[in-house]
Amino acid sequence: MSTLRSRTGAVLAWTGAILFPLALFTVLALPGVDDPFLQAVTVLVALLLPVALARRSPLAALTLLVVGGGAVSVLAISGGLPEQAAVAVFVVLADVMVGNVAARRPRRVSVPAAVLTVLVQAALVLLFENPGDLLTIPAVMALAGVTAWVIGDSVRQRRRHAAVQREQSEARAVEAERLRIARELHDMVAHSIAVIAVQAGMGRRVIDTQPAEARNALANIEETSRDTAAALRRMLGSLRRTDAGAGPAPRDPAPGLADLDGLVARSAQAGVEVGLRRDGDPVPLPPDIDLSAYRIVQEAVTNVIRHAGVGRCDVAVQQDAGTLSIEITDDGSGGGGAGDGSRNGITGMRERVSLLGGEFDAGPRPGGGFRVSARIPLPEAVR
């Protein structure tokens, strides 16, 4: 539906811009219109036809306005039509279009466009054949055109600066998330090594007297090693090698989906009821996937609490067919939601899912509210 609406809008914008010269000339040549106010309104409506194209194609809109409007103004002057009002509105609208081009296009495009527009405006003034104004009015027009270009170029520079700042902020969010994952992975590896050391020590002590216990210890070592190696393969290649200045890593056990009930309880205390639904076969997950899944739900629910302005959200966790699916939805209408309140939060969630080879999506729901969705593939060992 949105694609069809966009295409329809584009067709209407181009049609209005192309028909603009004919509409302007028809309005100026329309007989029987003696009311100056009505005539000014019809001229203004005709001149506004290319404006709809200005957002989609600024340079094309300016070109059609200058060429078409200039030609019609010449015809109006030579035909004795009310040329002054038409030319005055045309000049003002052309300057606005110059500012629009300067705001949306680089200087190598906007500067020539502004110069040509001012030259056309000055040429129209010369057709009035008023010697007293041959210097003053073109100078005023040139000043107005330059002012419009400067304003538009300033807007473009601010937009570029904002875009750079946004990119840098997202890059910092990605780095921060990777460092956080690295610290958590460090904790997981340290825990696994400790388990292996304990099991190996026990197996060494009982290998002669209790062979069965020794075999169990070796089996636990094998399973723990494989899980840890799989987690390392999935994540180590995408993380930074150092974490300078991050402080000591936390020593608390890493949370997982089993801890969602605690998250639900804490959210209720903060004023947001979380409807938690679990589907599928809850097979134990690798530690890195379990932790990332929990963090995604935690971040999304936190954004609901902070930004959505609603008292409830729904969390669905489904595990089947080798895929872990997570969905967080809310019905917020206050401009925020499960992910919308924090651009860095969305970036962090997307980074986590990407590192695990999954798919992530976040955005407004068609009926209102916000939706965060993640699909993470599971290793063969847990399918």
Side-chain angles (χ1 to χ4, degrees), residues 177 180-181 184-185 187-188 191-192 219-220 222-238 253-268 272-304 308 312-331 337-340 345-367 369-383:
E177 192 67 21
R180 181 181 179 184
I181 295 171
E184 292 169 347
L185 185 59
D187 293 341
M188 182 191 67
H191 173 74
S192 299
N220 289 334
E222 179 184 13
E223 182 180 356
T224 303
S225 301
R226 285 179 176 176
D227 289 343
T228 305
L232 286 171
R233 282 194 301 269
R234 282 190 296 268
M235 304 180 70
L236 191 57
S238 302
L257 293 179
D259 300 293
L260 287 182
D261 292 332
L263 177 64
V264 170
R266 291 191 297 273
S267 301
V272 173
E273 179 185 355
V274 178
L276 177 61
R277 187 179 79 250
R278 302 176 189 263
D279 298 317
D281 185 14
V283 178
L285 299 172
D288 56 331
I289 295 180
D290 200 22
L291 172 62
S292 293
Y294 176 85
R295 293 301 189 198
I296 291 169
V297 176
Q298 182 185 45
E299 180 67 33
V301 172
T302 300
N303 284 339
V304 173
R312 178 183 173 85
C313 69
D314 294 297
V315 176
V317 179
Q318 183 173 0
Q319 183 178 334
D320 56 12
T323 302
L324 174 65
S325 300
I326 302 170
E327 184 178 78
I328 304 95
T329 58
D330 67 79
D331 297 323
D340 191 43
I346 292 179
T347 302
M349 288 186 281
R350 179 176 286 109
E351 181 68 15
R352 282 186 178 273
V353 176
S354 175
L355 289 174
L356 296 171
E359 300 175 358
F360 179 82
D361 181 64
R365 301 168 63 192
F370 207 87
R371 172 178 176 269
V372 170
S373 175
R375 289 173 54 85
I376 302 173
L378 301 179
E380 293 288 343
V382 298
R383 296 185 182 184

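Hydrogens, waters and symmetry mates play no part in the numbers below; they use all other heavy atoms, side chains included.
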*Asks:* Say you draw a straight line from CZ of Phe360 to CD1 of Ile296; how long is it, rounded to the nearest 0.5 Å?
*Replies:*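 Separation between the atoms: 7.0 Å.
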*Asks:* Is there a donor-acceptor contact under 3.5 Å from the side chain of Asp331 to the main chain of Gly369?
*Replies:*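 No, because the side chain of Asp331 does not come within donor-acceptor range (under 3.5 Å) of the backbone of Gly369.
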*Asks:* Nearest 0.5 Å, what's the OG-CD distance between Ser292 and Gln298?
*Replies:*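 Output value for this atom pair is 12.0 Å.
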*Asks:* Provide the closest heavy-atom pair for Ser267 versus Val301 in the form atom of the first, atom of the second, distance.
*Replies:*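 Residues Ser267 and Val301, closest heavy atoms: OG-CG1, 3.3 Å.
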*Asks:* Determine the minimum heavy-atom distance between Asp290 and Leu257, stating which atoms define it.
*Replies:*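 Shortest heavy-atom separation between Asp290 and Leu257 comes out as OD1-N, 2.8 Å.
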*Asks:* Would you mind reporting whether Gln319 and Leu378 have side-chain heavy atoms less than 4.5 Å apart?
*Replies:*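 Side-chain contact under 4.5 Å: yes.
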*Asks:* Can you name the nearest heavy-atom pair linking Val297 to Ile326, along with the distance?
*Replies:*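 Between these two residues, the closest heavy atoms are CG2-CG2, 3.7 Å.
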*Asks:* Would you call Asp314 and Arg277 a side-chain contact if the rule is heavy atoms closer than 4.5 Å?
*Replies:*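 They are not in side-chain contact.
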*Asks:* Can you find a heavy atom in the side chain of Val315 that is under 4.5 Å from one in the side chain of Val317?
*Replies:*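 Yes, side chains in contact.
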*Asks:* Atom CD1 of Ile346 and atom CG of Asn303: how far apart are they, to the nearest 0.5 Å?
*Replies:*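 If I round to the nearest 0.5 Å, the distance is 7.5 Å.
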*Asks:* Which heavy atom of Arg312 sits nearest a heavy atom of Gly275, and at what distance?
*Replies:*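 Arg312 and Gly275 have their closest heavy atoms at NH2-CA, 3.7 Å.
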*Asks:* Return the minimal non-hydrogen interatomic distance between Leu324 and Ile289, and the atom names on each side.
*Replies:*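 That would be CD2-CG2, 4.0 Å.
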*Asks:* Report the C-alpha distance between Arg375 and Asp361 in whole Å, list the side-chain angles of each, state the deciding distance to 0.1 Å, and finish with yes or no for salt bridge (charged side-chain N to carboxylate O under 4.0 Å, His left out).
*Replies:* CA-CA 9 Å; Arg375 289 173 54 85; Asp361 181 64; over 6 Å; no
*Asks:* Quick one: OG on Ser325 to CG on Asp279, what's the gap to the nearest 0.5 Å?
*Replies:*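 The CG atom of Asp279 is 10.0 Å from OG of Ser325, to the nearest 0.5 Å.
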*Asks:* If the threshold is 4.0 Å, N to carboxylate O, is there a salt bridge linking Arg371 and Asp330?
*Replies:*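 No salt bridge links Arg371 with Asp330.
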*Asks:* Looking at Val353 and Ala374, what are the two nearest heavy atoms and their distance?
*Replies:*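 Here Val353 and Ala374 meet closest at CG2-CB, 3.8 Å.
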*Asks:* If you measure from OH on Tyr294 to CG on Leu260, what distance do you get to the nearest 0.5 Å?
*Replies:*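 One gets 7.0 Å once the value is rounded to the nearest 0.5 Å.
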*Asks:* Atom CD of Glu359 and atom CZ of Arg350: how far apart are they, to the nearest 0.5 Å?
*Replies:*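 It comes to 12.0 Å.
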